[in-house]
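The structure under discussion appears below in the form of structure tokens.
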Amino acid sequence: MKTVVIGATFYGCGLAADREDTLVLEPSVVPGWEFSLSCDPGRNYETKLTHPAALEFEAELRKRQGLVGNQVRTHALTPELAAWSIRHKVAIRFNANVIARNGNELEISGADGRTTLHADRVIDARPKGGASKYLYAYVEGEAAPGAYGPFELQGTAVAGRQLLRWRLDARTPWQEARPEFYRLWANRPAELESFLFIWAAVRFACNDFDNPLLALDAGLRGEVTK
């Protein structure tokens with residue numbers, strides 16, 4: 001194997017697109033999970049893309065109303081990336097957990113048991129994050145975007161539906177963050193009292209790129225971040 005990419009992120013799928021002898025290992029079954037499962041809407045969609053395949057993805061996403069203006073519908077990201085990956089011959093092995101690594105030799109646990117894979121080059125395309133991360137949730141109600149106690153309210157492409165964002169330390173584990181998030185919501189500011197909680201993200205948002213399109217573009221251009 002020439003190249004193994006760890007993580008079917010937007011960045012990782014870009015790295016593997018239209019490249020022979022390249023395999024993406026993804027522990028889940030969700031390409032683009034770093035934005036879709038975290039409900040991270042991204043930002044700075046006005047930043048110009050440079051690679052034709054990234055522009056193609058943006059055009060298709062806008063055509064299907066997955067991106068309206070500068071607001072993305074996060075639930076549209078994974079199916080669009082999956083279809084794009086098929087068109088661009090991205091080879092993804094799902095349910096493939098890298099449980100050990102010794103240089104360019106990987107031990108993988110998957111549906112078929114444990115296997116060992118050697119590659120000339122291994123690229124970890126999973127987000128590395130920073131000093132903080134975020135937990136998002138979709139809510140319904142009417143209030144101006146802005147800060148409300150520990151939360152930030154952001155508009156979406158759907159009328160009446162908003163994104164709730166909570167910032168937390170990058171070291172906070174999921175088992176502590178989730179109940180604390182719900183506790184804060186139960187004691188939310190009066191301005192949000194009438195809001196209806198729709199659903200919460202199942203992953204933290206801690207992305208290295210401003211939005212999924214820029215992540216895909218960076219991968220396609222072969223920009224290696226780590």
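Position 1 is the first residue of the sequence; numbering continues from there.
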Note to self: Could you check whether any side-chain N or O of R64 sits under 3.5 Å from a backbone N or O of A59, counting only pairs where one atom can act as donor and the other as acceptor?
What the structure shows: no

Next item on the list: For residues H88 and A53, report the shortest heavy-atom separation together with the two atoms involved.
Entry: CE1-CB, 3.8 Å

Next item on the list: Quick one: do L67 and L213 satisfy side-chain contact (heavy atoms from CB on, under 4.5 Å)? Show the steps, please.
Entry: CA-CA 11 Å; L67 181 61; L213 305 184; 3.9 Å; yes

Next item on the list: Report the C-alpha distance between I99 and R114 in whole Å, list the side-chain angles of each, state the deciding distance to 0.1 Å, and finish with yes or no for side-chain contact (heavy atoms from CB on, under 4.5 Å).
Entry: CA-CA 9 Å; I99 57 176; R114 291 191 177 188; 3.6 Å; yes

Notebook entry, point to check: Does atom CZ of R178 have more than 12 heavy-atom neighbours from other groups under 6.0 Å away?
Noted result: yes

Item checked: V139 with Y182, same ILVMFWY side-chain cluster at under 4.5 Å -> yes

Check: CD1 of I108 to OG1 of T115: how many Å apart, nearest 0.5 Å?
Finding: 4.5 Å

Notebook entry, point to check: At what distance, to the nearest 0.5 angstrom, does CD of E80 lie from CZ of R73?
Noted result: 12.5 Å

Item checked: T9 (side chain) donor-acceptor with A125 (main chain) under 3.5 angstrom -> yes

Notebook entry, point to check: Would you say D169's side chain and R171's backbone share a donor-acceptor pair under 3.5 angstrom?
Noted result: yes

Notebook entry, point to check: Yes or no on side-chain contact (heavy atoms from CB on, under 4.5 Å) for E60 and W84, after CA distance, side-chain angles and deciding distance?
Noted result: CA-CA 9 Å; E60 189 66 19; W84 181 93; over 6 Å; no

Check: Can you name the closest pair of heavy atoms from A8 and L81 and give their distance?
Finding: O-CD2, 4.4 Å

Margin query: Using 0.5 Å steps for rounding, measure from the CG atom of L164 to the CG atom of L153.
Written below: 6.5 Å

Notebook entry, point to check: Would you call T50 and L220 a side-chain contact if the rule is heavy atoms closer than 4.5 Å?
Noted result: no

Check: Would you say L192 and F197 make side-chain contact, with heavy atoms under 4.5 Å?
Finding: no

Notebook entry, point to check: So with a 6.0 Å cut-off around CZ of R121, is the heavy-atom count from everything else above 12?
Noted result: no

Check: Do the side chains of W33 and V202 join up, straight or via other hydrophobic residues, at under 4.5 Å, putting them in one cluster?
Finding: yes

Check: Closest heavy-atom contact between G155 and P145?
Finding: N-CG, 4.4 Å

Check: At their closest point, which heavy atom of A215 faces which heavy atom of F10, and how far apart are they?
Finding: CB-CB, 3.9 Å

Check: Do any pairs count as a salt bridge (Lys or Arg N to Asp or Glu O under 4.0 Å) and have a residue in residues 184-202, sequence neighbours left out, and if so which ones?
Finding: none

Margin query: Check for me, please, whether L163 and F204 land in the same ILVMFWY cluster - side-chain distances under 4.5 Å, paths through other members count.
Written below: no

Note to self: Evaluate W174 against L135 for side-chain contact (heavy atoms from CB on, under 4.5 Å), listing each step before the verdict.
What the structure shows: CA-CA 10 Å; W174 183 259; L135 189 54; 3.7 Å; yes

Margin query: Keeping T156 on the side-chain end and R161 on the backbone end, is there a donor-acceptor pair under 3.5 Å?
Written below: yes

Margin query: Using the rule that Ile, Leu, Val, Met, Phe, Trp and Tyr join whenever any side-chain heavy atoms are under 4.5 Å apart, tell me whether Y148 and W185 fall into a single cluster.
Written below: yes

Next item on the list: Can you tell me which residue pairs pass the salt bridge (Lys or Arg N to Asp or Glu O under 4.0 Å) test with a partner in residues 86-105, sequence neighbours excluded?
Entry: E56-R87

Checklist line | Sole candidate of L25, V29, V30 that passes side chain to side chain contact (heavy atoms under 4.5 Å, CB included) when paired with F94 | finding: V29

Next item on the list: Report the distance from atom CG of N104 to atom CG of N102, rounding to the nearest 0.5 Å.
Entry: 9.5 Å

Check: Is there a donor-acceptor contact under 3.5 Å from the side chain of T47 to the main chain of Y45?
Finding: no

Next item on the list: Check whether any side-chain heavy atom of R126 sits under 4.5 Å from a side-chain heavy atom of P27, and report yes or no.
Entry: no

Check: Any donor-acceptor pair under 3.5 Å linking the side chain of K133 with the backbone of T172?
Finding: yes

Next item on the list: Kindly indicate whether the side chain of I123, heavy atoms from C-beta on, has any atom under 4.5 Å from the side chain of L15.
Entry: yes

Note to self: With salt bridge (Lys or Arg N to Asp or Glu O under 4.0 Å) as the rule and sequence neighbours excluded, what pairs involving residues 32-53 come up?
What the structure shows: R43-D210

Notebook entry, point to check: So if you build clusters from Ile, Leu, Val, Met, Phe, Trp, Tyr with side-chain heavy-atom gaps below 4.5 Å, do F151 and Y138 land together?
Noted result: no

Note to self: Using the side-chain hydrogen bond (donor to acceptor under 3.5 Å, both in side chains) criterion, which residues pair with R165? Sequence neighbours excluded.
What the structure shows: E152

Margin query: Apply ring pair (Phe, Tyr, Trp, His ring centres under 6.0 Å) to residues F209 and Y11 and explain how you reach the verdict.
Written below: CA-CA 9 Å; F209 298 93; Y11 171 60; 5.3 Å; yes

Next item on the list: Determine, using ring centers only, whether F35 and Y136 are less than 6.0 Å apart.
Entry: no

Note to self: Restricting to non-hydrogen atoms, name the atom on L49 and the atom on A54 that form the minimum distance, rounded to 0.1 Å.
What the structure shows: CD1-O, 3.7 Å

Margin query: Quick one: does any side-chain atom of T78 pair with a main-chain N or O of P31 as donor and acceptor, under 3.5 Å?
Written below: yes

Check: Residues in side-chain contact (heavy atoms from CB on, under 4.5 Å) with P150, at least two apart?
Finding: W166, L184

Margin query: Could you measure the distance from the NE2 atom of H75 to the SG atom of C39? Nearest 0.5 Å is fine.
Written below: 10.5 Å

Item checked: Spacing of CD1 belonging to I92 relative to CD belonging to E26, to within rounding of 0.5 Å -> 7.5 Å

Notebook entry, point to check: Just wondering, do L117 and L23 contact through their side chains at under 4.5 Å, heavy atoms?
Noted result: yes

Next item on the list: Specify the closest pair of heavy atoms between V4 and A119, including all atoms of both residues, with the distance to one decimal.
Entry: CG2-CB, 3.6 Å

Notebook entry, point to check: Apart from V158 itself, what residues make up its hydrophobic cluster, given side-chain heavy atom links below 4.5 Å?
Noted result: none

Checklist line | Under 3.5 Å: donor-acceptor pair, side chain of D208, backbone of G129 | finding: yes

Notebook entry, point to check: Is atom CG of D120 surrounded by more than 12 heavy atoms (other residues, nucleotides or ligands) closer than 6.0 Å?
Noted result: yes

